[in-house]
Amino acid sequence: MLFGYARVSTQDQNLNLQLDDLKKAGCQKIFQEKVSSAKDRPQLQKLLETLREGDTLIVWKLDRLGRSLKELITLVNDFQQKGIGFRSLNDAIDTTTAQGRLVFNIFASLAEFERDLIRERTRAGLSAARARGRQGGKPKGLTKEAQAKAAAVKTLYAGKDKTVAEIGQILNLSRATVYRYLQWEPER
């Protein structure tokens with residue numbers, strides 16, 4: 001069965017162009033929604049639960065289906081594993097054909113290549129920063145203010161007349177922070 005998926009980002013936008021093209025492509029059932037891809041897409045979720053082996057999903061354009069290339073690749077790979085075809089009308093991708101699978105795999109390879117390049121540049125930048133004496137990440141240990149509060153926590157707790165909850169209330173700390181401060185050892 002041919003399924004269509006149409007999406008626009010706002011209520012003001014119109015689905016008619018996508019719906020017309022999906023109907024011309026032979027879609028028997030079209031799932032449609034007016035929602036940003038950054039939000040939950042309940043109709044897409046319903047569609048994904050409906051698709052079965054031998055079905056084909058058709059979209060007007062790739063960006064209607066996924067919010068990122070990584071998400072698209074994941075979805076299409078899932079389709080292929082489940083025996084579901086995928087077509088994008090305006091991107092000349094049709095995974096039901098050998099050429100379409102080739103084009104899609106080239107896109108996927110380029111995306112993976114781009115991620116690897118970013119990873120390499122990040123590692124090189126961190127190495128260069130370390131070579132110049134820069135140390136990344138969160139500073140180790142407690143700030144002077146936190147050390148003072150930790151010392152106060154230890155003093156109040158050692159007095160044995162205050163509970164952990166009372167100490168937290170007095171110093172405006174959560175219960176977990178009070179316990180963490182009780183474990184703290186001042187640097188020597």
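Each of Phe3 and Trp60 belongs to its own hydrophobic cluster when Ile, Leu, Val, Met, Phe, Trp and Tyr are linked at side-chain heavy-atom distances under 4.5 angstrom. At a threshold of 4.5 Å between side-chain heavy atoms, the hydrophobic network of Ile, Leu, Val, Met, Phe, Trp and Tyr places Leu2 and Leu75 in two separate groups. The same ILVMFWY cluster, assembled from side-chain heavy atoms under 4.5 Å apart, contains both Leu142 and Ile167. By the criterion of side-chain heavy atoms lying less than 4.5 angstrom apart, applied directly or through intervening Ile, Leu, Val, Met, Phe, Trp or Tyr residues, Leu44 is grouped together with Val76 in one hydrophobic cluster. Under the 4.5 Å side-chain heavy-atom criterion for grouping Ile, Leu, Val, Met, Phe, Trp and Tyr, Phe104 is not connected to Ile58 through any hydrophobic cluster.
Counting heavy-atom neighbours within 6.0 Å of Gln169 CD, excluding the residue itself, gives a total of 12 or less. Counting heavy-atom neighbours within 6.0 Å of Glu166 CD, excluding the residue itself, gives a total above 12. For Glu145, the CD atom is loosely surrounded, since the number of other residues' heavy atoms within 6.0 Å does not exceed 12. Atom OH of Tyr157 sits in a sparse spot, with 12 or fewer heavy atoms from other residues, nucleotides or ligands closer than 6.0 Å. Other residues, nucleotides and ligands place more than 12 heavy atoms under 6.0 Å from the CG atom of Asp116. Enclosure of atom CZ in Arg121 by more than 12 non-hydrogen atoms of other residues, nucleotides or ligands within 6.0 angstrom is indicated.
Pro186 places none of its side-chain heavy atoms less than 4.5 Å from the side chain of Gln147. Contact check for Thr122 versus Arg119: no side-chain heavy atoms found under the 4.5 Å cut-off. By the 4.5 Å heavy-atom criterion applied to side chains, Lys82 and Leu51 are not counted as neighbours. Leu171 is listed as a side-chain neighbour of Leu156, based on a closest heavy-atom distance under 4.5 Å. Side chains of Lys149 and Leu173 form a contact here, defined as non-hydrogen atoms less than 4.5 Å apart. Looking only at side-chain heavy atoms (C-beta outward), Leu62 and Phe86 come within less than 4.5 Å of each other. Side-chain contact between Lys61 and Leu89 is absent, with no heavy atoms from C-beta onward closer than 4.5 Å. At least one side-chain heavy atom of Leu57 sits less than 4.5 Å from a side-chain heavy atom of Phe79.
Looking at Asp55, its side chain does come within 3.5 Å of a backbone N or O of Arg52 through a donor-acceptor pair. Listed for the Lys34 side chain is no donor-acceptor partner under 3.5 Å among the backbone atoms of Leu15. Distance alone, capped at 3.5 Å, is enough to place a donor-acceptor pair between the Arg7 side chain and the Arg64 backbone. Between the side chain of Asp94 and the backbone N or O of Thr96 there is at least one donor-acceptor pair closer than 3.5 Å. Glu49 places no side-chain N or O within donor-acceptor distance of the main-chain N or O of Lys46, the cut-off being under 3.5 Å. In this structure, Asn14 contributes its side chain and Asn16 its backbone to a donor-acceptor pair below 3.5 Å.
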request  = Could you walk me through whether Ile84 and Thr56 pass the side chain to side chain contact (heavy atoms under 4.5 Å, CB included) test, one step at a time?
outcome  = CA-CA 6 Å; Ile84 298 167; Thr56 298; 6.0 Å; no
inquiry  = If you apply the rule salt bridge (Lys or Arg N to Asp or Glu O under 4.0 Å), what do you find for Glu71 with Arg41, and how did you get there?
reply    = CA-CA 14 Å; Glu71 182 185 17; Arg41 296 170 288 171; 2.7 Å; yes
Stepwise side chain to side chain donor-acceptor pair (under 3.5 Å) check, Tyr5 with Glu33 = CA-CA 8 Å; Tyr5 177 70; Glu33 53 196 349; 2.5 Å; yes
ask   = For Thr95 and Gln80, what are the C-alpha separation, side-chain angles and deciding distance, and is it a side chain to side chain contact (heavy atoms under 4.5 Å, CB included)?
value = CA-CA 8 Å; Thr95 64; Gln80 286 180 330; 3.9 Å; yes
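The two residues Arg175 and Ala165 come nearest to each other via the heavy atoms NH1-CB, 4.0 Å. Closest approach of Val178 to Gly168, counting heavy atoms only: CG2-CA, 3.6 Å. Considering every non-hydrogen atom in both Gly4 and Leu47, the closest pair reads O-CD2, 4.5 Å. Of all non-hydrogen atoms in Thr97 and Gly100, the two that sit nearest each other are OG1-N, 3.0 Å.
Both tests pass for Lys29 against the ring of Phe31: distance under 6.0 Å to the centre and angle within 45° of the axis.
Here the CD1 atom belonging to Ile93 is positioned 10.5 Å from the CG atom belonging to Leu102, to the nearest 0.5 angstrom. A distance of 9.0 Å separates CG of Asn90 from CD of Gln18, quoted to the nearest 0.5 Å. A distance of 13.0 Å separates NZ of Lys162 from OG1 of Thr155, quoted to the nearest 0.5 Å.
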